[in-house]
Amino acid sequence: MTKHARLDSVPIPFIDVAAQRRRLGRAIDEAIARVTAHCQFLGGPEVETFEQRLAAFCGARHAVSCASGTDALLLVLMARGIGRGDAVICPSFTFCATAEVVALTGATPVFADVDTETFNLNAASFERAVATARRQGLKPKAVIPVDLFGLPADHGPIAAVAKAEKLYVLDDAAQAFGATYKGRKLGTLASATATSFFPAKPLGCYGDGGAVLTDDAELVTALKSLRVHGQGSDKYDNVRIGMTSRLDTIQAAVLIEKLKIFADEIAARDEVARRYGEGLREVATVPAVPAGMTSVWAQYTIRLEPGLRAGLATALKGQGIPTAIYYPKPLHQQAAYRLFPVADGGLPVSERLAAEVISLPMHAYLDAATQDRVIGAVRSALGAT
Ligand SMILES: Cc1ncc(COP(=O)(O)O)c(C=O)c1O
């Protein structure tokens, strides 16, 4: 094997969290050291500073931090009093947390289909899911559109259906904080928006974390109570059934530093996506960003004719290039969710996508040479000349 060939198969990470850590270096160390010096590990001053900066970043009036993206979704449903007998419409092609939180409240997730090009909730299927829910004797109360892989859902038509059906819109932007829809950042497009700071997310922390963005002051009061056991005037005055779900001060301190470079990182991800798109559109269906939207590229997910995916993954693995399948099975086919209703007409797009999608390495620190290596490997595995 030549030296060149060996270099060409050095394994690359799928998401390089360490590269960002190196860039932020001392700033993160010092931010953490400030917390370990003042010892307010929960509710320290960094938490409020971060909440204010997060809200300002997206243009929402308020941000309420909590312990995870899952909790951010759950806390909003709890604050809305959603429970047994209620239906909440969710796309089936998403991470399980979107529907899991609905089931945790005792309500019923009703699955709708997604669009082939964007992987996001299809407004017509959403409307059919509302009818399905009513026919089954459920009370439709809310919809959770997901901004999958970093791309906003089509919030205009979704909001129109929600308004006509009198449903609350809770946006699941766990993968897409920082993305824009018609000039507005996610966090301002729904009555409430949940996001996640899981380390691999575009804006990730060094553990678990999440937040709700909203303009609704009453919701903020309820969320702040719910995240500390339903507290009232103080911790030992319990006015609601709540839970423990706070963002640790250390995580807030890390996120304050990360937010400073976030816009720059989004631009870098966009450039990787642009180059991938140019290099791969001839051999695969590359992700499309509809006019008026921007993506933060949580994943770069291509589509292949059924049957080609396993061969591509094996060929890339042999060259040290990892891939991932998000998601191999839509939620309505998962053991835990398959008894919940699906929209009339079924969910053919979600089922087809689960067999066609494959995600490539994507992060803000993927240099041009590594991008070219990925592009070259995909092209040659798919038989391009
Ligand atoms: C679409 C979606 N919703 C919700 C979540 C839940 O976020 P967390 O892992 O922070 O609980 C995630 C991420 O994992 C996600 O991708």
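Only heavy atoms go into these numbers, but all of them, side chains included; no hydrogens, no water, no symmetry mates. Read the numbers this way: they start at 1 and go in the same order the structure lists the ligands and their atoms.
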K.L.:
Applying ring pair (Phe, Tyr, Trp, His ring centres under 6.0 Å) to F197 and F50, what does each step give before you reach the verdict?
P.N.:
CA-CA 12 Å; F197 307 124; F50 172 63; 5.4 Å; yes
K.L.:
Donor-acceptor pair, Y276 side chain versus V286 backbone, under 3.5 Å?
P.N.:
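A pair under 3.5 Å: no.
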K.L.:
Within the side chain of T195, is there an N or O that forms a donor-acceptor pair under 3.5 Å with the backbone of A211?
P.N.:
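No; judged by distance alone, with no hydrogens or angles, the pair does not exist.
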K.L.:
Hey, are the side chains of T323 and K317 touching, using non-hydrogen atoms and a 4.5 Å cut-off?
P.N.:
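T323 vs K317: side chains apart.
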K.L.:
What's the separation between atom CG in L280 and atom CG in L360, rounded to the nearest 0.5 Å?
P.N.:
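Spacing of CG (L280) from CG (L360) equals 6.5 Å.
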K.L.:
Residue-level breakdown please: for T70 versus ligand 1, do any non-hydrogen atoms fall below 4.0 Å on the side chain, on the backbone, on both, or on neither?
P.N.:
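For T70, backbone and side-chain atoms both sit under 4.0 Å from ligand 1.
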K.L.:
Please classify the T94 to ligand 1 contact at 4.0 Å (heavy-atom distances, strictly less than): side chain, backbone, both or neither.
P.N.:
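The side chain, only.
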K.L.:
Closest non-hydrogen protein atom to atom 3 (N) of ligand 1, residue and atom name please, with distance?
P.N.:
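Closest protein heavy atom to atom 3 (N) of ligand 1: D172 OD2, 2.8 Å.
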K.L.:
Give me the residue, atom name and distance of the protein heavy atom closest to atom 13 (C) of ligand 1.
P.N.:
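Checked against all protein heavy atoms, atom 13 (C) of ligand 1 sits closest to K201 NZ, 2.8 Å.
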K.L.:
Please list, in number order, the atoms of ligand 1 under 4.0 Å from a heavy atom of S196.
P.N.:
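Near S196, meaning under 4.0 Å from one of its heavy atoms, ligand 1 has 7 (O), 8 (P), 10 (O).
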K.L.:
Hey, mind stepping through F177 and F57 against ring pair (Phe, Tyr, Trp, His ring centres under 6.0 Å) and telling me if it holds?
P.N.:
CA-CA 10 Å; F177 184 77; F57 186 91; 5.7 Å; yes
K.L.:
Determine the minimum heavy-atom distance between G204 and L255, stating which atoms define it.
P.N.:
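Nearest heavy atoms, G204 then L255: O-CD2, 3.8 Å.
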K.L.:
Looking only at distances, please establish whether an N/O atom of ligand 1 is found under 3.5 Å from an N/O atom of G69.
P.N.:
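Indeed, backbone or side chain, G69 has an N or O that close.
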K.L.:
Provide, to 0.1 Å, the distance between atom 16 (O) of ligand 1 and the closest protein heavy atom, together with that atom's residue and name.
P.N.:
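Checked against all protein heavy atoms, atom 16 (O) of ligand 1 sits closest to Q175 NE2, 2.8 Å.
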K.L.:
Does any non-hydrogen side-chain atom of L121 lie less than 4.5 Å from one of V146?
P.N.:
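No, every pair of side-chain atoms sits at 4.5 Å or beyond.
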K.L.:
In the protein, what heavy atom is nearest to atom 15 (C) of ligand 1, and what distance, to one decimal place, separates them?
P.N.:
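Nearest protein contact, heavy atoms only, for atom 15 (C) of ligand 1 is A174 CB, 3.5 Å.
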K.L.:
Hey, which atoms in ligand 1 end up nearer than 4.0 Å to a heavy atom of V146?
P.N.:
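Ligand 1 atoms under the 4.0 Å threshold to V146: 1 (C).
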K.L.:
Any idea which atoms of ligand 1 are less than 4.0 Å away from a heavy-atom of S68?
P.N.:
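Going through ligand 1 atom by atom, the ones under 4.0 Å from S68 are 10 (O), 11 (O).
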K.L.:
If you measure from each non-hydrogen atom of A97 to ligand 1, which part falls under 4.0 Å: side chain, backbone, both or neither?
P.N.:
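Within the 4.0 Å criterion, A97 contacts ligand 1 through side-chain atoms alone.
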